[in-house]
There are 4 protein chains.
Amino acid sequence: MTEIKVAVLGAAGRMGTQTCAAVEAAGGLSLVARLDKDDVIDAGSLAGADVVVDFTIPATTEANVHAALDAGAHVVVGTTGWDDASRGRVAEHLERLNAARAGGSDQTPGLGVLIAPNFGLSAVLAMTFAAKAARYFESAEVIELHHPDKVDAPSGTARHTAAAISAARAEAGLAPSPDATETGWEARGADVDGVRVHAVRLRGLVAHEEILLGNPGEQLVIRQDSFDRSSFMPGVLVAVRAVVSRPGLTVGLEHVLDLA
Amino acid sequence: MTEIKVAVLGAAGRMGTQTCAAVEAAGGLSLVARLDKDDVIDAGSLAGADVVVDFTIPATTEANVHAALDAGAHVVVGTTGWDDASRGRVAEHLERLNAARAGGSDQTPGLGVLIAPNFGLSAVLAMTFAAKAARYFESAEVIELHHPDKVDAPSGTARHTAAAISAARAEAGLAPSPDATETGWEARGADVDGVRVHAVRLRGLVAHEEILLGNPGEQLVIRQDSFDRSSFMPGVLVAVRAVVSRPGLTVGLEHVLDLA
Amino acid sequence: MTEIKVAVLGAAGRMGTQTCAAVEAAGGLSLVARLDKDDVIDAGSLAGADVVVDFTIPATTEANVHAALDAGAHVVVGTTGWDDASRGRVAEHLERLNAARAGGSDQTPGLGVLIAPNFGLSAVLAMTFAAKAARYFESAEVIELHHPDKVDAPSGTARHTAAAISAARAEAGLAPSPDATETGWEARGADVDGVRVHAVRLRGLVAHEEILLGNPGEQLVIRQDSFDRSSFMPGVLVAVRAVVSRPGLTVGLEHVLDLA
Amino acid sequence: MTEIKVAVLGAAGRMGTQTCAAVEAAGGLSLVARLDKDDVIDAGSLAGADVVVDFTIPATTEANVHAALDAGAHVVVGTTGWDDASRGRVAEHLERLNAARAGGSDQTPGLGVLIAPNFGLSAVLAMTFAAKAARYFESAEVIELHHPDKVDAPSGTARHTAAAISAARAEAGLAPSPDATETGWEARGADVDGVRVHAVRLRGLVAHEEILLGNPGEQLVIRQDSFDRSSFMPGVLVAVRAVVSRPGLTVGLEHVLDLA
């Protein structure tokens, strides 16, 4: 297998710096370009990169992706700020490029873009497993725990997890989680589509999530702890290695994990 | 050390039955009487008991205690339904009896009554340790987890724990637990005197409590699990052994635990 | 969808009794026969059962399965004592029956037998998720916790989990979990194919397993608690519903769970 | 209450730097001197400090303490490397100084030295509570979890905790924790005076300890997490504030915590 050449956009930022270091330390990958805010993104500056990793800012990330695609590179995006419209434009761009490529003599798979709201493997796996397991349990609740400087509650990850659990329960035709409670609904958290999410804020913590699933006589608990941002690098590397053989747009790291 | 003779009131009930069995199995204790609802409580029926254990019903428990005291026995009470007035009457009765005894030739310590809302050693210890530790931590939150048939939330134990933590924080002059949350206050639970209590309801669980205390870079978690009612028996035996040398009224098992 | 008719073998035993009750309470299933040790197993006594559930004893379970198959029923087996030879004979029997059926005019899928060493959904899911996640983490260890009357350590479930994690790590080409330890290898537990298994024995516990997976800056913990045997019933019902459309021999509940 | 003046030895080191910052940020304390390895320690360089905090190296810490005492300061020591002999010499020095002081007209309490092997409040409290609770539980085990670069197992803190639990159980006359295990003693960890200690090593973790106490039907779990070294500062401040009113030698932060 030939080496995958990687360019990093936002290379001087916190995540970009870590990504450069992680790519350089990883087997089978080589870092060919570090670009930051004043750099032009084109075939020249990308230096033959197979994969471009974007850790920039919401204002520039979409333009970066289109430029990287035009230069013939796959893209992994860790920047936030994407919505249905911007994702749709990237999907169209990919379709156009890959259709043209299919008509020609190029035998490689088409270009791919992977946009991941979360590169934490433990967080993505916790959410994925919780959704898969949910249909087999009578009760489900989520506890998320974060440092006390966080302004929103529950966290986006916990809301996303609860929504996925709720959808899985609905699909399996489960009744609502049993609950005889008559009083007391003033704690930090929310009811997300019928799944209770509790939000703990505690000095010393970073970002943690616990999913509790219960049946008569048994409990399954899936917990994940993110202690610092270095935890995102294994997920970024998984994404870089996967995107080269996954043409088109993929949203969410879970779709490139091998969980068969 | 001579054996402690024990009589059980409510001996045919669920807790009474377990208490009789636990007393019979315990070293240093002997079961001398099993009384239930149609039995008279007096020196005769108590058969020389040193300690009477009351697991009856709210309607009769106070009368039982006065009768047992008049028969010269110490009393351990596990029945609910006590309030300030009924506790006050027992305290007065004890004072009167013990004053009379002190004036006489009886050299034994005076009679004692121990009323315990909770005989679960793990629950009582969790609450006690949480209150002791609270003054040393910037943040404190409580999670209680119960079966989904429970109607009240948060549980009385969790409310009690949170109130004790709040009092300890106030006494130590701590600021409120830091919390930047701007949205999301609809989860099951409550704010008890500034301490957040989260209430989880999950099929398969019984009764569990987790106290989280946080400082920069560290966390202390005290968790207790009550899996079934047999868990109350060690606490009942501790109470029986302690009440004989603790004259007057004591409310709460924590006061007879040796935690020095 | 027509109702599935169920016969229970070992109907007077502990698991059999619970199975009868669970079948009767479940939607889409009806209990048509309760057989125990002195009953003949044939088309007559099985009363048209579509699925036979065997919770008997190692000495009779294999013969029961062959008899049930000859009577035209699918079988779910929860009895222990199976080995490669007895499983092989059942597989052959199924092949013979299903080949004959395929040649005829019967349009239903062939007969199926599901042998499950563990019907606990939380236990089976914990093991399955741990094996799937293992390839993405640098470190993996297992803690199993049981009541102190258990004679073997680590538990079979924990050994099985560790072996599955080890196999997944090997397949993904991972190096051994990092470990600089120079001293101290005398705790209860084992090294199962390079995965450390710790065995806790504690009064009050029943059966619990915790799988810890670690990467730089993050941790994924999958924990399951079995509080009592009622916890096996949801898994038995899943098996009964699945076996009718899964011809041939299946070993392990995980293969009939829908985790796609 | 007047301000406590603090001097820090080893002020340029990792712990010393944090201590200086913590003292400056704390109410009621002022930093009057930062000394490091080439500085002389005497009344002049200590600049009137009431309390000297020593975070230096084993080779110099004892001499530093004697010098600080001769300059009339209380001392808090976080440096390792102390043994019975060096502690004995400090105790004698304190006795001599405080006897002289008592004979004179000085009305303040005598000088104090507090040597703490661990300033982590959560770690010290976990150990202290575990020892207090141990006498009330039939079973006790300890799990410690650390990063995989640690060379010793179990950790010193876990050994210390287990020894304290063992002593408390012996004093209360408890039988050994029940254990029917016949096979399997090859896991990382140790038997410390009859208390099993399990040692987990996992990438991503820092330093964590979990004490499990079990009775029929209940469990008490005390867990502490140290995520980074900033966690020692609250304990250092507690020590500085306490040592001024605790004449003589004290070993262990637990003795100055207010846990009544």
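In what follows, chains are A, B, ... by sequence order, proteins preceding strands, each numbered from 1.
A distance of 13.0 Å separates OG1 of C:T161 from CZ of C:F129, quoted to the nearest 0.5 Å. Summarising the geometry, atom CE belonging to C:M127 is positioned 10.0 Å from atom CD1 belonging to C:I165; distances are rounded to the nearest 0.5 Å.
Within the 4.5 Å cutoff, side-chain heavy atoms of C:M15 are placed close to those of C:F232.
Here D:R188 is the residue among D:Q219, D:R188, D:R196 with the most heavy-atom pairs under 4.5 Å with chain C.
Residue D:T183 touches chain C through both its backbone and its side chain, counting heavy-atom pairs closer than 4.5 Å. For C:L213, the part sitting under 4.5 Å from any heavy atom of chain D is the backbone (N, CA, C, O) and nothing else. Heavy atoms of C:R201 lying under 4.5 Å from chain D belong to its backbone as well as its side chain. Using a 4.5 Å cut-off between heavy atoms, C:E138 touches chain D through its side chain atoms alone. Contacts between C:D179 and chain D at a heavy-atom distance below 4.5 Å involve backbone atoms as well as side-chain atoms. In this structure, the portion of C:A199 lying under 4.5 Å from any heavy atom of chain D is its backbone and not its side chain. For C:E182, the parts lying under 4.5 angstrom from a heavy atom of chain D are both the backbone and the side chain. Contact of C:T181 with chain D is made through backbone and side chain together, with heavy-atom distances under 4.5 Å. Interface residue D:E141: backbone and side-chain heavy atoms are both found under 4.5 Å from chain C. Interface remark: D:V197 contributes backbone atoms only to the contact with chain C (heavy atom separation under 4.5 Å). Both the backbone and the side chain of D:L212 come within contact range of chain C, each with at least one heavy atom under 4.5 Å from a heavy atom of that chain.
Side-chain atoms of D:E144 and D:H146 form a donor-acceptor pair, as typed in the model, at a separation below 3.5 Å.
Using a cut-off of 4.0 Å between Lys/Arg side-chain N and Asp/Glu carboxylate O, D:R34 and D:D36 are scored as not salt-bridged. With salt bridges taken as basic N to acidic carboxylate O contacts below 4.0 Å, one links D:D149 and D:R203.
Only one option out of C:D54, C:N64, C:T60 pairs with C:T79 in a side-chain hydrogen bond (donor to acceptor under 3.5 Å, both in side chains); it is C:D54.
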